[in-house]
Amino acid sequence: MLTIQQLHKSYTTPTGATDAIRDISFTLNEGEFLSIVGPSGAGKSTLLRAIIGLERATGGEVLYQGSPVRTPQADFSVVFQDYRRSLYGWLTLEGNITLPLRHRLRDRAKRHEIATTLLARVGLAGMGLRYPGQLSGGQQQRVAIARALACQPRLLVMDEPFASVDAQTRFELEDLILKLKQESGVTTILVTHDIDEATYMSDRVLVLSRAPAIVIDEVNVSLPHPRDQMTTRGLPEFARIRSRLLAKLLTTRTETRSIPIHSGVK
Ligand code: ADP
Ligand code: MG
(Lines give C-alpha, C1' and ligand atoms only; values in the text may rest on other atoms or scores of the structure.)
(Ligands and ions follow the chains in the order given, each with its own letter.)
Protein backbone atom coordinates (compact mmCIF):
# COMPACT_ATOMS: atom_id res chain seq x y z
CA MET A 1 0.00 0.00 0.00
CA LEU A 2 2.78 2.38 0.98
CA THR A 3 6.42 2.18 -0.03
CA ILE A 4 9.13 4.31 1.51
CA GLN A 5 12.20 4.32 -0.72
CA GLN A 6 15.58 5.51 0.47
CA LEU A 7 14.10 8.51 2.20
CA HIS A 8 16.53 11.22 3.19
CA LYS A 9 15.86 14.52 4.90
CA SER A 10 18.22 17.25 5.87
CA TYR A 11 17.26 20.56 7.45
CA THR A 12 19.01 23.82 6.72
CA THR A 13 19.78 25.65 9.94
CA PRO A 14 21.73 28.85 10.61
CA THR A 15 24.75 26.69 11.45
CA GLY A 16 24.54 24.60 8.26
CA ALA A 17 22.69 21.52 7.06
CA THR A 18 21.86 18.70 9.47
CA ASP A 19 20.57 15.29 8.50
CA ALA A 20 17.44 14.17 10.35
CA ILE A 21 16.89 11.04 8.24
CA ARG A 22 19.84 9.37 6.58
CA ASP A 23 18.25 6.52 4.62
CA ILE A 24 14.95 4.81 5.38
CA SER A 25 13.17 2.20 3.27
CA PHE A 26 10.21 -0.01 4.16
CA THR A 27 6.84 -1.13 2.90
CA LEU A 28 3.47 -1.04 4.62
CA ASN A 29 0.82 -3.62 3.84
CA GLU A 30 -2.91 -2.98 3.59
CA GLY A 31 -4.60 -3.40 6.97
CA GLU A 32 -1.32 -3.60 8.88
CA PHE A 33 -0.59 -1.91 12.22
CA LEU A 34 3.02 -0.73 12.09
CA SER A 35 4.81 1.03 14.94
CA ILE A 36 7.96 3.05 14.50
CA VAL A 37 10.02 3.45 17.67
CA GLY A 38 13.14 5.47 18.19
CA PRO A 39 14.78 7.71 20.76
CA SER A 40 13.65 11.30 21.15
CA GLY A 41 15.06 13.43 18.32
CA ALA A 42 15.64 10.37 16.11
CA GLY A 43 13.65 11.80 13.22
CA LYS A 44 10.31 10.05 13.82
CA SER A 45 8.13 13.14 13.35
CA THR A 46 10.19 14.15 10.35
CA LEU A 47 9.61 10.73 8.79
CA LEU A 48 5.91 10.94 9.55
CA ARG A 49 5.55 14.40 8.01
CA ALA A 50 7.26 13.15 4.86
CA ILE A 51 4.97 10.10 4.71
CA ILE A 52 1.80 12.17 4.87
CA GLY A 53 3.06 14.74 2.38
CA LEU A 54 3.29 17.60 4.85
CA GLU A 55 6.98 18.08 4.21
CA ARG A 56 9.11 17.19 1.19
CA ALA A 57 12.02 14.84 1.70
CA THR A 58 15.41 15.87 0.35
CA GLY A 59 15.95 12.45 -1.18
CA GLY A 60 14.08 9.26 -1.95
CA GLU A 61 10.36 8.82 -2.31
CA VAL A 62 7.10 7.89 -0.62
CA LEU A 63 4.77 5.91 -2.88
CA TYR A 64 1.09 5.46 -2.08
CA GLN A 65 -0.45 2.77 -4.27
CA GLY A 66 2.40 3.34 -6.68
CA SER A 67 2.12 7.15 -6.92
CA PRO A 68 4.53 9.61 -5.29
CA VAL A 69 3.18 11.45 -2.23
CA ARG A 70 4.17 15.12 -2.41
CA THR A 71 1.19 16.89 -0.86
CA PRO A 72 -1.28 15.99 1.92
CA GLN A 73 -3.58 13.16 0.81
CA ALA A 74 -7.35 13.00 1.26
CA ASP A 75 -6.96 9.30 2.11
CA PHE A 76 -4.65 9.95 5.07
CA SER A 77 -5.57 11.14 8.57
CA VAL A 78 -3.27 12.19 11.37
CA VAL A 79 -3.48 12.31 15.16
CA PHE A 80 -0.79 14.44 16.82
CA GLN A 81 0.48 14.36 20.37
CA ASP A 82 -0.79 17.74 21.44
CA TYR A 83 -4.59 17.68 21.49
CA ARG A 84 -4.63 21.22 22.91
CA ARG A 85 -3.27 22.56 19.66
CA SER A 86 -5.01 20.18 17.29
CA LEU A 87 -8.63 20.86 18.33
CA TYR A 88 -10.36 24.18 17.75
CA GLY A 89 -11.48 25.58 21.11
CA TRP A 90 -14.23 27.74 19.61
CA LEU A 91 -15.93 24.82 17.86
CA THR A 92 -18.10 22.24 19.60
CA LEU A 93 -16.93 18.63 19.60
CA GLU A 94 -19.31 17.97 16.74
CA GLY A 95 -17.96 21.01 14.89
CA ASN A 96 -14.40 19.72 15.35
CA ILE A 97 -15.23 16.21 14.20
CA THR A 98 -17.15 17.29 11.10
CA LEU A 99 -14.66 19.98 10.08
CA PRO A 100 -12.82 17.74 7.58
CA LEU A 101 -16.21 16.81 6.06
CA ARG A 102 -17.44 20.37 5.46
CA HIS A 103 -16.45 20.40 1.80
CA ARG A 104 -16.85 16.73 1.04
CA LEU A 105 -20.30 16.21 2.44
CA ARG A 106 -22.83 19.00 1.92
CA ASP A 107 -25.68 17.31 3.75
CA ARG A 108 -25.68 18.70 7.31
CA ALA A 109 -27.92 15.96 8.64
CA LYS A 110 -25.49 13.34 7.34
CA ARG A 111 -22.57 15.15 8.98
CA HIS A 112 -24.47 15.26 12.26
CA GLU A 113 -25.19 11.55 11.97
CA ILE A 114 -21.51 10.75 11.36
CA ALA A 115 -20.42 12.88 14.35
CA THR A 116 -23.01 11.23 16.60
CA THR A 117 -21.86 7.75 15.60
CA LEU A 118 -18.17 8.63 16.02
CA LEU A 119 -18.70 10.25 19.42
CA ALA A 120 -20.37 7.04 20.58
CA ARG A 121 -17.57 4.92 19.13
CA VAL A 122 -14.92 6.86 21.04
CA GLY A 123 -16.94 6.76 24.27
CA LEU A 124 -18.28 10.33 24.25
CA ALA A 125 -21.92 9.71 23.35
CA GLY A 126 -24.18 12.72 23.78
CA MET A 127 -21.32 15.21 24.22
CA GLY A 128 -21.40 16.75 20.73
CA LEU A 129 -22.41 20.21 21.91
CA ARG A 130 -19.63 20.56 24.45
CA TYR A 131 -16.40 22.47 23.77
CA PRO A 132 -12.89 20.98 23.96
CA GLY A 133 -12.03 23.15 26.98
CA GLN A 134 -14.74 21.36 28.96
CA LEU A 135 -13.05 17.96 28.54
CA SER A 136 -10.13 16.14 30.15
CA GLY A 137 -6.97 15.60 28.11
CA GLY A 138 -7.86 11.99 27.40
CA GLN A 139 -11.34 12.98 26.26
CA GLN A 140 -9.89 15.64 23.97
CA GLN A 141 -7.63 13.06 22.39
CA ARG A 142 -10.70 10.88 21.84
CA VAL A 143 -12.22 13.76 19.89
CA ALA A 144 -9.04 14.10 17.82
CA ILE A 145 -9.23 10.36 17.07
CA ALA A 146 -12.91 10.66 16.08
CA ARG A 147 -12.06 13.57 13.78
CA ALA A 148 -9.27 11.55 12.18
CA LEU A 149 -11.75 8.78 11.40
CA ALA A 150 -14.49 11.10 10.09
CA CYS A 151 -13.26 10.93 6.49
CA GLN A 152 -12.90 7.14 6.63
CA PRO A 153 -9.16 7.32 5.91
CA ARG A 154 -7.27 4.53 4.17
CA LEU A 155 -4.23 5.32 6.32
CA LEU A 156 -4.26 6.51 9.93
CA VAL A 157 -1.01 8.01 11.15
CA MET A 158 -0.38 8.87 14.80
CA ASP A 159 2.58 10.77 16.22
CA GLU A 160 3.06 9.97 19.93
CA PRO A 161 -0.71 10.28 20.42
CA PHE A 162 -0.72 9.18 24.05
CA ALA A 163 2.40 10.96 25.28
CA SER A 164 0.50 13.81 26.96
CA VAL A 165 -1.94 11.79 29.06
CA ASP A 166 -1.60 9.90 32.35
CA ALA A 167 -0.80 6.18 32.44
CA GLN A 168 -4.34 4.99 33.12
CA THR A 169 -5.78 7.10 30.27
CA ARG A 170 -2.99 5.91 28.04
CA PHE A 171 -4.04 2.28 28.48
CA GLU A 172 -7.65 3.22 27.76
CA LEU A 173 -6.71 5.10 24.59
CA GLU A 174 -4.48 2.25 23.40
CA ASP A 175 -7.42 -0.12 23.75
CA LEU A 176 -9.74 2.35 22.05
CA ILE A 177 -7.41 2.52 19.05
CA LEU A 178 -7.16 -1.28 18.91
CA LYS A 179 -10.96 -1.55 19.01
CA LEU A 180 -11.41 1.05 16.26
CA LYS A 181 -8.70 -0.65 14.21
CA GLN A 182 -10.48 -3.99 14.58
CA GLU A 183 -13.80 -2.44 13.51
CA SER A 184 -12.56 -0.44 10.54
CA GLY A 185 -9.49 -2.42 9.44
CA VAL A 186 -7.74 0.89 8.70
CA THR A 187 -4.01 0.62 7.93
CA THR A 188 -2.18 2.33 10.80
CA ILE A 189 1.24 3.78 11.56
CA LEU A 190 2.01 4.63 15.18
CA VAL A 191 5.10 6.62 16.02
CA THR A 192 6.18 6.31 19.64
CA HIS A 193 9.24 6.30 21.89
CA ASP A 194 7.52 3.72 24.12
CA ILE A 195 8.60 0.15 23.31
CA ASP A 196 5.90 -1.43 25.51
CA GLU A 197 3.25 0.50 23.68
CA ALA A 198 4.71 -0.44 20.30
CA THR A 199 4.77 -4.12 21.27
CA TYR A 200 1.25 -4.09 22.69
CA MET A 201 -0.35 -2.36 19.72
CA SER A 202 1.39 -3.61 16.60
CA ASP A 203 1.69 -6.30 13.97
CA ARG A 204 5.23 -5.12 13.25
CA VAL A 205 7.72 -2.71 14.82
CA LEU A 206 10.53 -0.79 13.13
CA VAL A 207 13.34 0.58 15.28
CA LEU A 208 15.08 3.78 14.27
CA SER A 209 18.60 4.75 15.26
CA ARG A 210 19.46 8.13 16.71
CA ALA A 211 19.44 10.97 14.16
CA PRO A 212 20.25 10.89 11.33
CA ALA A 213 17.78 8.00 11.36
CA ILE A 214 18.18 4.62 9.75
CA VAL A 215 16.14 1.46 10.41
CA ILE A 216 18.15 -0.74 12.78
CA ASP A 217 15.63 -3.50 13.46
CA GLU A 218 12.32 -4.94 12.32
CA VAL A 219 10.28 -7.22 14.57
CA ASN A 220 7.09 -9.08 13.66
CA VAL A 221 4.67 -9.22 16.60
CA SER A 222 2.60 -12.37 16.62
CA LEU A 223 0.83 -11.76 19.93
CA PRO A 224 -2.78 -13.01 19.76
CA HIS A 225 -5.80 -10.72 19.29
CA PRO A 226 -7.82 -9.35 20.98
CA ARG A 227 -5.07 -7.93 23.13
CA ASP A 228 -5.58 -7.23 26.78
CA GLN A 229 -3.51 -4.94 28.98
CA MET A 230 -3.07 -7.56 31.71
CA THR A 231 -2.86 -10.81 29.76
CA THR A 232 -0.95 -9.64 26.67
CA ARG A 233 1.70 -7.76 28.65
CA GLY A 234 2.21 -10.86 30.80
CA LEU A 235 2.98 -13.20 27.90
CA PRO A 236 6.56 -14.51 27.45
CA GLU A 237 6.41 -13.40 23.80
CA PHE A 238 5.70 -9.82 24.95
CA ALA A 239 8.73 -9.88 27.25
CA ARG A 240 10.91 -11.34 24.48
CA ILE A 241 9.96 -8.63 21.99
CA ARG A 242 10.29 -5.73 24.40
CA SER A 243 13.76 -6.94 25.51
CA ARG A 244 14.87 -7.13 21.92
CA LEU A 245 13.56 -3.62 21.20
CA LEU A 246 15.16 -2.26 24.36
CA ALA A 247 18.51 -3.83 23.53
CA LYS A 248 18.37 -2.28 20.05
CA LEU A 249 17.53 1.16 21.38
CA LEU A 250 20.34 1.01 23.93
CA THR A 251 22.90 0.16 21.26
CA THR A 252 21.58 2.48 18.56
CA ARG A 253 24.81 4.46 18.34
CA THR A 254 26.81 1.51 17.07
CA GLU A 255 24.78 0.80 13.93
CA THR A 256 25.72 2.51 10.72
CA ARG A 257 23.71 0.82 7.98
CA SER A 258 19.96 0.42 7.49
CA ILE A 259 18.78 -3.17 7.53
CA PRO A 260 16.95 -4.27 4.39
CA ILE A 261 13.18 -4.60 4.86
CA HIS A 262 11.72 -7.02 2.36
CA SER A 263 8.09 -7.25 3.35
CA GLY A 264 5.64 -6.88 6.16
CA VAL A 265 3.86 -9.47 8.23
CA LYS A 266 2.95 -12.72 6.44
P1 ADP B 1 11.56 12.85 16.89
O2 ADP B 1 10.16 13.06 16.41
O3 ADP B 1 12.05 11.46 16.69
O4 ADP B 1 11.74 13.29 18.31
P5 ADP B 1 12.20 14.93 14.95
O6 ADP B 1 11.79 14.36 13.65
O7 ADP B 1 11.28 15.92 15.57
O8 ADP B 1 12.52 13.75 15.98
O9 ADP B 1 13.62 15.61 14.78
C10 ADP B 1 14.75 14.93 14.25
C11 ADP B 1 15.93 15.88 14.15
O12 ADP B 1 15.67 16.89 13.20
C13 ADP B 1 16.23 16.58 15.46
O14 ADP B 1 17.62 16.68 15.58
C15 ADP B 1 15.60 17.94 15.28
O16 ADP B 1 16.26 18.92 16.02
C17 ADP B 1 15.74 18.17 13.79
N18 ADP B 1 14.63 18.98 13.26
C19 ADP B 1 13.32 18.65 13.28
N20 ADP B 1 12.56 19.59 12.68
C21 ADP B 1 13.43 20.56 12.26
C22 ADP B 1 13.29 21.81 11.56
N23 ADP B 1 12.10 22.24 11.15
N24 ADP B 1 14.41 22.51 11.31
C25 ADP B 1 15.61 22.06 11.70
N26 ADP B 1 15.83 20.91 12.36
C27 ADP B 1 14.77 20.16 12.64
MG1 MG C 1 8.42 13.69 17.40
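Atoms within a ligand are numbered from 1 in the order they appear, just like the ligands themselves. Throughout, residue positions are numbered sequentially from 1 according to the sequence presented. Only this structure's heavy atoms are used, side chains among them; waters, hydrogens and symmetry mates stay out.
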Close residues, ligand 1: non-hydrogen atom nearer than 4.0 Å =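 Correct list: Tyr11, Thr13, Ala20, Pro39, Ser40, Gly41, Ala42, Gly43, Lys44, Ser45, Thr46, Arg49.
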More than 12 heavy atoms of other residues, nucleotides or ligands under 6.0 Å from [atom1] of [X]: is that the case?
| X | atom1 | answer |
| --- | --- | --- |
| Gln152 | CD | no |
| His103 | NE2 | no |
| Glu30 | CD | yes |

message = When you compare the side chain of Arg49 with that of Lys9, does any pair of heavy atoms fall below 4.5 Å?
response =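 Side-chain contact under 4.5 Å: no.
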task = Would you mind reporting whether Lys181 and Leu156 have side-chain heavy atoms less than 4.5 Å apart?
result =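 No; the side chains remain at least 4.5 Å from each other.
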key: Ser45 N/O/S atom closer than 2.8 Å to the Mg ion (ligand 2)   =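 Short answer: yes, at least one N, O or S atom is under the cut-off.
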task = Please check if the side chain of Thr58 supplies one atom and the backbone of Ser10 the other of a donor-acceptor pair under 3.5 Å.
result =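 Side chain of Thr58 to backbone of Ser10: a pair is present.
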